[in-house]
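The next block holds one structure in the form of structure tokens; read it before the comments.
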Amino acid sequence: MKFTTALLSVFLFLTTTASDNIYWGQIGHRTIGHIADGKLSKKARKQVKRVLGSETLAEVSTWMDEIRSDNAYRYANTWHYCTIPDGMTYETAPKQKGGDVIWAIEKIIKELKSGKLSAEQEAINLKFLVHLVGDIHQPLHVGNGTDRGGNDVKVKWFGTDTNLHSVWDSRMIDGKQFSYTELADWVNHPTKTQVKEWQSASVRDWAMESMSYRDQVYKAPESGRLSYRYSYDNFDLVKQRILQAGVRLAGVINEIYK
Ligand code: ADE
Ligand code: ZN
Ligand code: ZN
């Protein structure tokens, strides 16, 4: 192996193992965007088209991950998650430097509602919103403060070294081998009552819900070897959180552009 190739592999190894997972995988985010797209009011649909042009909510949903490599957006690096220790609430938990996912969603919605953003900033805000409403529904994006949202919990997923956060972001979902439209078709069957209830909850409620699943999420074999059984026990919750995120994203966008 040439020296440069060796150096590159060392670098790739270090960067891929050291970097945190801070987003639902692409399928999760796109599914949420796709579900929301189908629930927009006529008015909101028109405004979204004005802001995003030819791109759909599903297509822009992962943009906030792509810009993590762009220093111009470094200010948003901490916006994907928040930390609320067991027994605390958002209000009593220590404030996160740089902003957290709850603060960011509330701020973004307020700015969009003001109608005072430039066209460019409005598009940025809308793309951030699509992504972050997804993130806050991933239970481990509301961390307990001990393990960086499960990033420090090393596990083996079907024999491959990874961590609990990654299992929830993407590994369970990717294991199903669905496209995002297929996953949307599968989960997109809320009752009218569910839509009403879900859309009337606040951003802070969404985070408290995520916290409430901690016992279930951390209930893993001592060995750290996760496979079929963990997915069997948890995939219904993955589906539920994706559906809730999609339904609520549509609710928020409809409210912004009403
Ligand atoms: N870093 C610290 N807490 C985190 C979380 N809950 N999710 C992702 N990254 C984190
Ligand atoms: Zn994540
Ligand atoms: Zn994210």
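We count ligands from 1, going down the list as the structure has it; atoms in each ligand are counted the same way. Numbers here simply count residues along the sequence, with the first being 1.
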- Task: Determine, using heavy atoms of H80 and all atoms of ligand 1, whether some pair is separated by less than 4.0 Å.
- Result: no
- Query: Is it true that some N/O/S atom of H131, main chain or side chain, lies under 2.8 Å from the Zn ion (ligand 3)?
  - Reply: yes
- Item | L140-ligand 1 polar pair, N/O distance under 3.5 Å | yes
Any side-chain donor paired with an acceptor under 3.5 Å for [X] and [Y]?
X	Y	value
S61	R30	no
H165	R148	no
D100	Y90	yes
H29	D135	yes
Y228	D233	no

- Query: N/O/S of H80 less than 2.8 Å from the Zn ion (ligand 2)?
  - Reply: no
- Message: At less than 2.8 Å, would any N/O/S atom of D135, backbone or side chain, sit next to the Zn ion (ligand 2)?
- Response: no
- Query: Do T31 and W24 have side chains that get closer than 4.5 Å, going by heavy atoms?
  - Reply: no
- Task: Compute the angle centred on the Zn ion (ligand 2) spanning NE2 of H141 and OD1 of D169, and express it rounded to 10 degrees.
- Result: 100°
Which atoms of ligand 1 have any heavy atom of [X] under 4.0 Å away?
X	result
N151	8 (C), 9 (N)
G149	3 (N), 4 (C), 5 (C), 6 (N)
G143	6 (N)

- Query: If you take all heavy atoms of Y230 and Q216, which pair is closest and at what distance?
  - Reply: OH-O, 4.5 Å
